[in-house]
Structure formats: structure tokens, C-alpha cells
Visitor: 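Have a look at this one.
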Number of protein chains: 2
Amino acid sequence: MQEKLKNTELFTALGDDALSLLANYFKVVNHKKGTILIHAEKVEPYFYILETGIARAYSIGENQQITFWFGQAGDVLLSYNSYINNKPGYENIELLEDSVLYQIHLRDLFELYNEHLPLANWGRKIAERELIATEKRLIDRSFKDATERYRDFIVQSPDLIKRVALKHIASYLGVTQVTLSRIRAACK
Amino acid sequence: MQEKLKNTELFTALGDDALSLLANYFKVVNHKKGTILIHAEKVEPYFYILETGIARAYSIGENQQITFWFGQAGDVLLSYNSYINNKPGYENIELLEDSVLYQIHLRDLFELYNEHLPLANWGRKIAERELIATEKRLIDRSFKDATERYRDFIVQSPDLIKRVALKHIASYLGVTQVTLSRIRAACK
DNA sequence: GCCCACATTTTACAAATGTTAAAAAATAGA
DNA sequence: TCTATTTTTTAACATTTGTAAAATGTGGGC
């Protein structure tokens with residue numbers, strides 16, 4: 001495993017032995033830009049950690065896709081409904097750049113969770129951190145207008161602004177692409 | 001612990017020994033309607049499970065409160081930022097009815113998590129389920145208009161519609177009370 | 001029963017955002 | 001480089017939602 005990944009916030013909390021135990025099960029995989037790693041209509045049996053690249057999670061409606069999450073280096077890519085309920089999910093995950101990932105089968109991961117306490121607590125923290133981030137975004141949808149959300153996004157995710165198509169950022173912020181364009185024109 | 005609580009989805013997954021271990025640490029507490037159980041500006045050291053009653057979590061902005069979560073019997077009440085980061089949170093939790101709760105100190109809960117594997121995995125599932133629910137709500141904010149969200153809410157939470165003030169439901173749905181009133185008038 | 005405090009609805013108007021279509025700009029491939 | 005495709009912007013108009021204030025409804029205490 002790359003040193004830089006070991007130093008992400010997600011891994012520093014794990015002890016060395018938990019880390020090397022986990023590393024035994026990880027398989028490094030490469031995927032091209034455009035790969036759909038997780039399909040909403042399937043039970044997806046893998047848990048991924050992104051080493052390099054950018055990903056987006058999106059749901060498909062009648063006339064549109066809604067991007068509701070972006071993943072960057074060190075983030076976990078997962079179909080939560082597969083993981084928890086062993087059922088197809090609501091999210092697709094697409095790689096927006098050529099990517100390197102660590103892959104582990106959910107079967108193996110759950111076995112580790114049931115054998116190794118620090119890992120079980122590590123899995124708990126992954127979900128808890130994601131929950132806090134998601135709740136804050138939900139709250140921001142009410143407290144802040146689209147312009148404020150866009151400004152915050154620029155500050156908090158400067159990499160994403162540079163590397164992700166604006167149409168995806170628009171739906172992530174909860175507006176249409178036309179509205180985002182207007183906001184950007186007004187900000188100049 | 002009440003039988004009915006043991007039969008909630010949250011507890012049936014736990015084995016009997018994990019349940020009785022947990023029960024040793026729970027203290028039953030009663031609180032009046034209106035009690036603010038969790039304060040956003042404080043590190044709150046307790047984890048609660050609601051036995052009877054209804055609660056809401058809300059954040060305070062400049063001119064308004066936003067209710068972003070409702071808790072019913074069997075749900076966990078918690079300041080996630082206290083729990084995970086040992087820092088003050090973004091959420092207040094208010095009891096909307098006289099309530100009976102199980103209370104455990106975070107110190108004790110973390111000790112259990114570090115000793116007892118089934119409990120650590122139970123804690124993981126609590127956060128994961130909450131995450132799925134929150135992500136779905138965030139996605140619904142984009143896919144569905146306020147009228148559809150209100151109709152869904154009536155179907156999915158018939159108890160809350162009866163027992164919670166509409167001003168709280170309005171902000172939970174992401175609209176003002178005026179808009180909710182208009183929706184309700186149109187639905188008649 | 002009456003009054004008070006609070007919740008909800010209604011109204012009129014303003015602001016923000018969506019929709020559709022088209023033009024302009026950027027990007028990828030041959 | 002040139003073309004084809006996709007992305008982004010712009011425009012005009014429709015719709016939804018917000019704001020502020022007044023009116024109405026509701027429940028508890030005296």
C-alpha cells in the first residue's frame with residue numbers, strides 16, 4: 001500500500017497490525033475513466049478505497065442523474081445497500097479519471113469485522129464520518145442559497161472544481177446546470 | 001429493558017449476551033416535553049435510545065431553526081460530533097413529548113466497543129443505517145418537489161404527522177411553513 | 001367561558017430557480 | 001488542423017418558493 005494512503009486520516013487511526021491484516025486482503029486494481037464501478041441495480045460485492053483519481057456517486061431518475069457524492073484519494077467507494085442489506089442500492093459510482101483502487105470482497109471484510117475489534121471500530125468510524133458530512137450538506141440545503149453553497153464548494157473542494165464537469169457539480173449543489181452558470185456569471 | 005424495545009430492528013441483530021451486557025450500563029431516564037437533551041454548543045457525553053416519545057434534531061441559523069431529523073421509539077439520540085470528534089456538534093435535540101430513554105455514558109459505550117465485537121459491529125450498523133436514510137433524503141431533495149416529499153412523508157411517517165408541529169415538518173421537508181400550508185391546501 | 005400565547009393559514013408581492021431552446025465555447029479524435 | 005461531440009453559457013419566459021403581515025384557529029390556565 002502506498003505511503004501516502006497510509007497517512008490519510010482514515011488509516012492513521014488504525015494500528016499497524018490492523019493495517020497489515022487489511023492489506024493482506026486488498027487487491028490493487030486499475031480502472032479507466034468512465035468505468036461504472038458500482039451499479040445501482042446490482043448487489044455489488046466489493047468495497048474499494050480510492051488511491052488515485054476522482055469518483056462520483058449518482059442516482060438516476062426519470063429525466064436526470066443526480067450526483068450526490070464525490071470521492072477523492074483515500075475515500076471509500078461502496079454500495080451501502082449491498083453492504084448493509086445485501087440488496088441492490090440507489091447509487092451508481094463512476095470513475096471520472098483513470099484510477100487506482102484497493103479492492104476487498106465484502107465477504108472478506110465482514111470476516112475481518114467479526115474477528116478483529118480495531119477493524120470493526122474502523123468500519124464504524126467510516127460510516128459515522130460520512131454521516132456527519134451528509135447531514136451537514138442536508139442542513140446547508142436549507143440554510144444557504146445556491147450561491148453560498150457554490151462559494152463554499154470552491155473553498156472546500158478546489159481540486160474538484162478544477163477536475164469535475166460543472167454539470168456534475170450543479171446537481172451535487174442541488175441546482176440545474178443553468179442556475180450554476182448564472183451563479184458563476186454573477187460571481188465574476 | 002422493555003420487551004418492545006428488544007424487538008426493534010436495532011436490537012434483534014444483537015445476541016442475548018451483548019444485549020444484557022449493554023443493559024447493565026443503561027440507565028432509564030425520564031424527561032419532560034421540551035427538554036433539550038443535546039446542545040449544539042456543548043460536548044455531550046451521553047448516548048440515548050428512545051423508549052417512548054418523539055424527538056427532533058435541529059440546527060440554529062441566523063433567523064431560523066432547521067429540523068433535520070426526527071426520532072421515534074427505538075431510535076438513537078446522539079451528538080455525532082461529540083461522539084466521534086469529541087467536539088461540540090451542529091445539532092440540538094429536543095424532546096417533543098414526555099419521554100423515557102435509556103442513557104449510557106460515551107466513556108462506557110466506547111469501552112464496550114473496544115471489548116465486545118458484536119457491540120462494535122452493532123455501533124457500525126447504527127451509523128450505516130442512518131447514513132443510508134440521510135443520503136436518500138438528500139437525493140429526494142433534488143428528485144422530488146415539495147409536494148411529493150410531503151406526500152411521501154405522510155405515508156412513511158403517519159405518527160409524526162399526527163404528533164409533530166407542522167412548522168417542524170416544514171423545515172424537515174426543506175420548505176417554509178407558508179409553502180407547506182399551500183401544499184396542504186392544494187392536497188385537500 | 002374568556003383570555004392569552006402560540007400555531008397555522010391566507011394574501012400580495014418579490015426573488016430565486018426551473019424549463020426550453022439556441023448559441024457559443026471547449027474538448028476529443030481522426 | 002479540422003470536424004464532431006460534448007459542455008457551458010445565454011436568453012426569454014414560466015413556475016415555484018420565499019417574505020412579511022394579517023387573519024384565523026387551537027389549547028391551556030384562570
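Residue numbers begin at 1 in each chain, while the letters A, B, ... track the order of the sequences.
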Visitor: Taking the hydrophobic residues Ile, Leu, Val, Met, Phe, Trp and Tyr, and joining any pair whose side-chain heavy atoms are under 4.5 Å apart, which ones share a cluster with I60(A)?
Guide: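 Under the 4.5 Å side-chain rule, I60(A) groups with I36(A), Y58(A).
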Visitor: State which residues pass ring pair (Phe, Tyr, Trp, His ring centres under 6.0 Å) with Y48(A); sequence neighbours excluded, sorted by chain then number.
Guide: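 Testing Y48(A) for ring pair (Phe, Tyr, Trp, His ring centres under 6.0 Å), a comparison that skips the adjacent residues, returns none.
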Visitor: Would you tabulate the pairs of protein nitrogen or oxygen atoms and nucleotide nitrogen or oxygen atoms of nucleotides 18-28 of chain C closer than 3.5 angstrom?
Guide:
from: dG18(C); atom 1: OP2; to: T176(A); atom 2: N; distance (Å): 3.1
from: dG18(C); atom 1: OP2; to: T176(A); atom 2: OG1; distance (Å): 3.2
from: dG18(C); atom 1: OP2; to: T179(A); atom 2: OG1; distance (Å): 2.6
from: dG18(C); atom 1: N7; to: R182(A); atom 2: NH2; distance (Å): 2.7
from: dG18(C); atom 1: O6; to: R182(A); atom 2: NH1; distance (Å): 3.1

Visitor: Show every salt bridge (Lys or Arg N to Asp or Glu O under 4.0 Å) that has at least one partner inside residues 11-32 of chain A, sequence neighbours left out.
Guide: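 Of all non-adjacent pairs touching residues 11-32 of chain A, none passes salt bridge (Lys or Arg N to Asp or Glu O under 4.0 Å).
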Visitor: Using heavy atoms and a sub-4.0 Å distance, could you list which residues of residues 155-166 of chain A are near DNA chain D? By number, please.
Guide: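 A165(A), L166(A), in order of number.
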Visitor: What residue pairs, at least two apart or across chains, pass salt bridge (Lys or Arg N to Asp or Glu O under 4.0 Å) with a residue in residues 81-98 of chain A?
Guide: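 Output for this query lists R56(A)-E94(A), E97(A)-R163(A).
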Visitor: Can you list every pair that meets ring pair (Phe, Tyr, Trp, His ring centres under 6.0 Å) and has a residue in residues 110-132 of chain A, with sequence neighbours left out?
Guide: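 Those involving residues 110-132 of chain A are F11(A)-W122(A), Y83(A)-F110(A).
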Visitor: How bent is the helix from dG1(C)-dC30(D) to dA30(C)-dT1(D), comparing axes over its five end pairs at each side, to the nearest 10°?
Guide: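 End-to-end axis angle: 40°.
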Visitor: Do any N or O atoms of the protein come closer than 3.5 Å to N or O atoms of nucleotides 22-29 of chain D, and which pairs are they?
Guide:
none

Visitor: Applying ring pair (Phe, Tyr, Trp, His ring centres under 6.0 Å), can you list everything that pairs with Y172(A), at least two apart in sequence or on another chain?
Guide: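 Per chain and number, Y172(A) pairs via ring pair (Phe, Tyr, Trp, His ring centres under 6.0 Å) with F70(A), F153(A).
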Visitor: Suppose we screen for side-chain contact (heavy atoms from CB on, under 4.5 Å). Which residues come up paired with V43(B), at least two apart in sequence or across chains?
Guide: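 S82(B), N86(B), P88(B).
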Visitor: Got a sec, which residues hit ring pair (Phe, Tyr, Trp, His ring centres under 6.0 Å) with W69(A), two or more places apart in sequence or on another chain?
Guide: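 Scan of W69(A) (ring pair (Phe, Tyr, Trp, His ring centres under 6.0 Å), adjacent residues dropped) gives none.
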